[in-house]
**Q** 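Input: one structure, supplied below.
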Amino acid sequence: MSAHSHEIEEGRAFLPRFDASGLVTCVATDVATGDVLMVAHMNEEALRKTIATGDAWYFSRSRNALWRKGETSGQTQRVVEMRTDCDQDAVWIRVEQVGAACHTGRRSCFYRKVEAEGRGAKLVFADAEQLFDPDAVYKK
């Protein structure tokens with residue numbers, strides 16, 4: 001193990017390793033239930049704002065823009081704890097979720113199960129109740 005690897009894996013310094021696009025993957029889970037709510041990305045500014053404010057901030061690859069979770073929908077995430085993985089290229093935030101985490105209006109973005117079907121797979125809805133109408137909230 002190199003000195004740099006040792007520092008990243010065993011040290012106390014937070015040294016996030018951003019990918020070639022300047023992003024780090026973030027997994028958000030519900031602090032009360034442990035449910036996985038969503039997977040998103042943070043750039044350096046989003047990560048800094050999340051740490052500074054305690055609100056979840058992300059970077060949208062599709063919009064190429066920074067956003068605070070809930071700024072449009074009101075479905076906010078208050079960060080209770082943040083962790084990083086062993087090589088510091090991903091973060092996990094445990095959050096107090098207000099309302100739905102998913103832009104589809106569902107509590108979690110993981111509302112479909114993948115099940116084997118013949119030689120392939122199919123999706124089956126699970127825990128898929130919508131908590132809000134996305135067309136009304138996002139004015140599509």
Side-chain angles (χ1 to χ4, degrees):
M1 180 182 299
S2 72
H4 183 68
S5 293
H6 184 75
E7 183 179 356
I8 288 172
E9 295 173 1
E10 301 296 334
R12 293 187 177 269
F14 184 40
L15 304 167
R17 294 179 49 211
F18 298 95
D19 67 15
S21 299
L23 302 174
V24 64
T25 301
C26 177
V27 177
T29 62
D30 185 292
V31 70
T33 66
D35 292 344
V36 177
L37 299 173
M38 57 186 277
V39 175
H41 296 89
M42 293 180 169
N43 64 2
E44 189 174 356
E45 183 178 8
L47 190 56
R48 187 172 17 87
K49 285 183 175 241
T50 298
I51 293 167
T53 67
D55 293 326
W57 285 80
Y58 299 104
F59 185 82
S60 170
R61 295 177 298 172
S62 61
R63 294 189 314 260
N64 195 34
L66 185 71
W67 58 283
R68 183 179 56 81
K69 181 67 177 160
E71 65 189 339
T72 302
S73 67
Q75 315 295 303
T76 60
Q77 290 178 343
R78 183 80 185 143
V79 178
V80 174
E81 180 180 53
M82 177 184 285
R83 295 186 185 197
T84 190
D85 69 334
C86 57
D87 56 1
Q88 298 198 41
D89 65 356
V91 294
W92 167 29
I93 57 175
R94 297 175 66 220
V95 301
E96 291 173 344
Q97 176 69 50
V98 172
C102 186
H103 74 281
T104 67
R106 293 175 175 93
R107 176 90 177 132
S108 168
C109 293
F110 295 88
Y111 55 88
R112 295 175 291 181
K113 295 189 293 185
V114 178
E115 292 186 354
E117 180 176 57
R119 291 187 170 163
K122 67 178 180 178
L123 296 177
V124 177
F125 285 84
D127 304 318
E129 176 190 357
Q130 286 186 302
L131 302 180
F132 70 84
D133 177 0
D135 290 336
V137 170
Y138 298 113
K139 312 285 190 259
K140 293 181 180 176

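All residue numbers in this chain count up from 1 along the given sequence. Below, each value reflects all heavy atoms present in this structure, side chains not excepted, and no hydrogens, waters or symmetry copies.
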**Q** So how far is it from D85 CG to R83 CZ, rounded to the nearest 0.5 Å?
**A** 12.0 Å
**Q** Atom CZ in R48, atom CG in L66: separation rounded to 0.5 Å?
**A** 9.0 Å
**Q** Which side-chain N or O atoms in residues 116-133 pair as donor and acceptor under 3.5 Å with protein atoms at least two apart or in another chain?
**A**
| residue | atom | partner | partner atom | Å |
| --- | --- | --- | --- | --- |
| Q130 | NE2 | T104 | O | 2.5 |
| D133 | OD1 | D135 | N | 3.0 |

**Q** Can you measure from OG (S73) to OH (Y138) and round to the nearest 0.5 angstrom?
**A** 4.0 Å
**Q** Which heavy atom of Q97 sits nearest a heavy atom of T76, and at what distance?
**A** NE2-O, 3.3 Å
**Q** Give the minimum heavy-atom separation between T29 and L37, together with the two atoms involved.
**A** C-CD1, 3.9 Å
**Q** With W67, which residues qualify under ring pair (Phe, Tyr, Trp, His ring centres under 6.0 Å), at least two apart?
**A** Y58
**Q** From F18 CZ over to T25 OG1, what is the distance, rounded to the nearest 0.5 angstrom?
**A** 11.0 Å
**Q** Of all heavy-atom pairs between F59 and N43, which one has the smallest distance, and what is that distance?
**A** CD1-ND2, 3.1 Å
**Q** Ignoring hydrogens, what is the shortest heavy-atom contact between A13 and Q88? Give both atom names and the distance.
**A** O-NE2, 3.3 Å
**Q** Kindly compute the distance separating CD1 (I8) from CG (D89), expressed to the nearest 0.5 Å.
**A** 9.5 Å
**Q** Are K69 and E71 close enough for a salt bridge, meaning some N to O gap below 4.0 Å?
**A** no
**Q** Less than 4.5 Å apart, side chain to side chain, heavy atoms only: is that true for V27 and V36?
**A** yes
**Q** Please check if the side chain of S60 supplies one atom and the backbone of R63 the other of a donor-acceptor pair under 3.5 Å.
**A** yes
**Q** Between E96 and R78, is there a side-chain N and carboxylate O pair less than 4.0 Å apart?
**A** no
**Q** Search all heavy atoms of I93 against all heavy atoms of A56 and return the closest pair with its distance.
**A** CD1-CB, 4.0 Å
**Q** Determine the minimum heavy-atom distance between R107 and G99, stating which atoms define it.
**A** NH1-O, 2.9 Å
